[in-house]
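Residue numbers count from 1 along this sequence.
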Amino acid sequence: MTAGTVCWEDTQLHLEALKQTVDSALDEFTRLPEDCPSRLREAMRYSLLAEGKRLRPLLVLLAAEACGGRVSDALPAACAVEMIHAYSLIHDDLPAMDDDDLRRGRPACHRQFDEATAILAGDALLTLAFEVSAKHTSPRERAGECCALLAEAAGPCRMVGGQMDDILAERGGHSLELLERIHRRKTGALIEVSLVLGAVLAGADERQRRALAEYGRCLGLAFQITDDLLDVEGEEGRVGKRLGKDQDRRKLTFPGLLGIAESRRRAADAVEQACRAVEAFGADARHLKALARSIAERKR
């Protein structure tokens, strides 16, 4: 067994423990009082608690650990990020957007319930994310900064703006510059802010924040390229959603623009750039590096 394999096995065990912590907290935060209609609560929990990678909340916690912080302090922010991610997936799957019937191997929220309920479930998760962040962030004096960072990352100039440009790109005018600009915002913004939130909550200095933000930018690019490749080469049963839809909709993708081989090369380069960005953390970055290297090899 190679040293790299041992490192990944160690990381897998650590990530699984963190994932269970995140899942328990998400379950607790969505045990809402009776004023929340039961159908709305059910739809929120159906989408949020579905089996998933929990990549973004894990990045919050790993970043906090790398900076010497405590998982317990970063956990509410980790849950808030996952709530925003879940809301974005619910809305992305709607017929007016990507029109997907499956998500994580199950009927999409609007198929399991109905479109109106799905829209409201997404809205509720987005607003609950900020409630959790504002009420439960520790130290409390950092709550305002965390809410502002989340709002910017999820807002009109970043995640939502990237989604808008992704829709507009279906009309033509394809270029590598546009493609990268879309995904730095649509996919990358929430990944990048996850790292920054972990750093902020651990009391990291500016140098550490910048290093983790750069790691997040590179990881976000690698993740999106791999996601595009899975739509071309993946197995639907493992990926958990309908494949081949990007080409059907004439979406702007990395393999569609650059080809499969060049897309793979760029994903690998982005992973290595991510790993270099956190070199200064030494052994404290071992899980971040191992996670980054697993991204380019993922099958789902």
Any side-chain heavy-atom pair from [X] and [Y] closer than 4.5 angstrom?
| X | Y | result |
| --- | --- | --- |
| Asp98 | Lys251 | yes |
| Glu51 | Arg106 | no |
| Leu126 | Met83 | no |
| Tyr87 | Ile90 | no |
| Leu252 | Glu170 | no |
| Thr187 | Ile182 | no |
| Arg264 | Phe254 | no |
| Val193 | Val60 | no |

Run the side-chain contact (heavy atoms from CB on, under 4.5 Å) test against Cys146 and tell me which residues pass, sequence neighbours left out.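 Expected list: Ser133, Thr137, Leu197, Val200, Leu201.
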Partners of Gln12 by side-chain contact (heavy atoms from CB on, under 4.5 Å), sequence neighbours excluded?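 Gln12 satisfies side-chain contact (heavy atoms from CB on, under 4.5 Å) with Trp8, Glu9 only.
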Taking CD in Glu177 as the centre, count heavy atoms belonging to other residues, nucleotides or ligands within less than 6.0 Å. Is the count above 12?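 Open: at most 12 neighbouring heavy atoms sit under 6.0 Å from CD of Glu177.
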Using a cut-off of 6.0 Å, state whether more than 12 heavy atoms not belonging to Arg181 lie near its atom CZ.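 Open.
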Rounded at 0.5 Å granularity, tell me how far [atom1] in [X] sits from [atom2] in [Y].
| X | Y | atom1 | atom2 | answer |
| --- | --- | --- | --- | --- |
| Leu94 | Glu115 | CG | CD | 6.0 Å |
| Arg103 | Ser47 | CZ | OG | 9.5 Å |
| Ile84 | Leu48 | CD1 | CG | 11.5 Å |
| Ser72 | Leu61 | OG | CG | 10.0 Å |
| Thr30 | Arg45 | OG1 | CZ | 4.0 Å |
| Glu233 | Ser263 | CD | OG | 9.0 Å |

Identify the heavy atoms of [X] and [Y] that sit nearest to each other, and give their distance.
| X | Y | result |
| --- | --- | --- |
| Val232 | Pro255 | CG2-CG, 4.0 Å |
| Leu49 | Asp27 | CD2-N, 3.8 Å |
| Ala199 | Arg209 | CB-CG, 4.0 Å |
| Ala121 | Ala43 | CB-CB, 3.9 Å |
| Ala222 | Val271 | CB-CG2, 3.8 Å |
| Gly162 | Arg185 | N-NH1, 3.7 Å |

Hydrophobic cluster (4.5 angstrom, side-chain heavy atoms) - remaining members for Leu89: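 Taking Ile, Leu, Val, Met, Phe, Trp and Tyr as members, Leu89 stands alone, with no cluster partners.
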Apart from Phe113 itself, what residues make up its hydrophobic cluster, given side-chain heavy atom links below 4.5 Å?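 Members alongside Phe113: Tyr46.
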Quick one: does any side-chain atom of [X] pair with a main-chain N or O of [Y] as donor and acceptor, under 3.5 Å?
| X | Y | answer |
| --- | --- | --- |
| Ser24 | Thr21 | no |
| His110 | Ala116 | no |
| Arg286 | Ala283 | yes |

Check the hydrophobic clustering (I, L, V, M, F, W, Y; side-chain heavy atoms under 4.5 Å; chains of links allowed) and say if Val22 and Leu150 are grouped together.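 Yes; Leu150 is reachable from Val22 via cluster members.
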Test ring-ring contact (aromatic ring centres under 6.0 Å, His included) on His136 and Phe29; report intermediate values, then the result. CA-CA 10 Å; His136 299 281; Phe29 281 133; 5.1 Å; yes
Got a list of side-chain donor-acceptor pairs under 3.5 Å for residues 32-40, not counting sequence neighbours?
{"from": "Arg39", "atom 1": "NE", "to": "Thr117", "atom 2": "OG1", "distance (Å)": "3.3"}
{"from": "Arg39", "atom 1": "NH2", "to": "Asp114", "atom 2": "OD2", "distance (Å)": "2.9"}

Could you go step by step and tell me if Leu257 and Thr253 meet the side-chain contact (heavy atoms from CB on, under 4.5 Å) rule? CA-CA 6 Å; Leu257 191 65; Thr253 68; over 6 Å; no
Electrostatic pair [X]:[Y] at N-O distance under 4.0 angstrom:
| X | Y | result |
| --- | --- | --- |
| Glu214 | Arg276 | no |
| Asp165 | Lys186 | no |
| Arg266 | Glu262 | yes |
| Arg158 | Glu192 | yes |

Would Cys157 and Glu152 satisfy side-chain contact (heavy atoms from CB on, under 4.5 Å), going step by step from the backbone distance to the final call? CA-CA 7 Å; Cys157 294; Glu152 181 182 7; over 6 Å; no
Side chain to side chain donor-acceptor pair (under 3.5 Å) partners of residues 54-69, not counting sequence neighbours, each pair once: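 Matches after skipping sequence neighbours: His14-Glu65, Asp23-Arg54, Arg54-Glu82, Arg56-His85.
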Any donor-acceptor pair under 3.5 Å linking the side-chain atoms of Asp228 with those of Gln224?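 Yes, a side-chain donor-acceptor pair sits under 3.5 Å.
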Just to verify, which of Asp101, Asp93, Asp100 counts as forming a side-chain hydrogen bond (donor to acceptor under 3.5 Å, both in side chains) with Arg111?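 Answer after filtering Asp101, Asp93, Asp100: Asp101.
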Going through the checks in order, is the side-chain contact (heavy atoms from CB on, under 4.5 Å) test met by Leu212 and Phe281? CA-CA 10 Å; Leu212 287 164; Phe281 289 92; 3.9 Å; yes
Start with the C-alpha distance between Arg41 and Arg31, add both sets of side-chain angles, then the distance that settles side-chain contact (heavy atoms from CB on, under 4.5 Å), and finish with yes or no. CA-CA 8 Å; Arg41 184 191 308 113; Arg31 292 185 179 275; over 6 Å; no
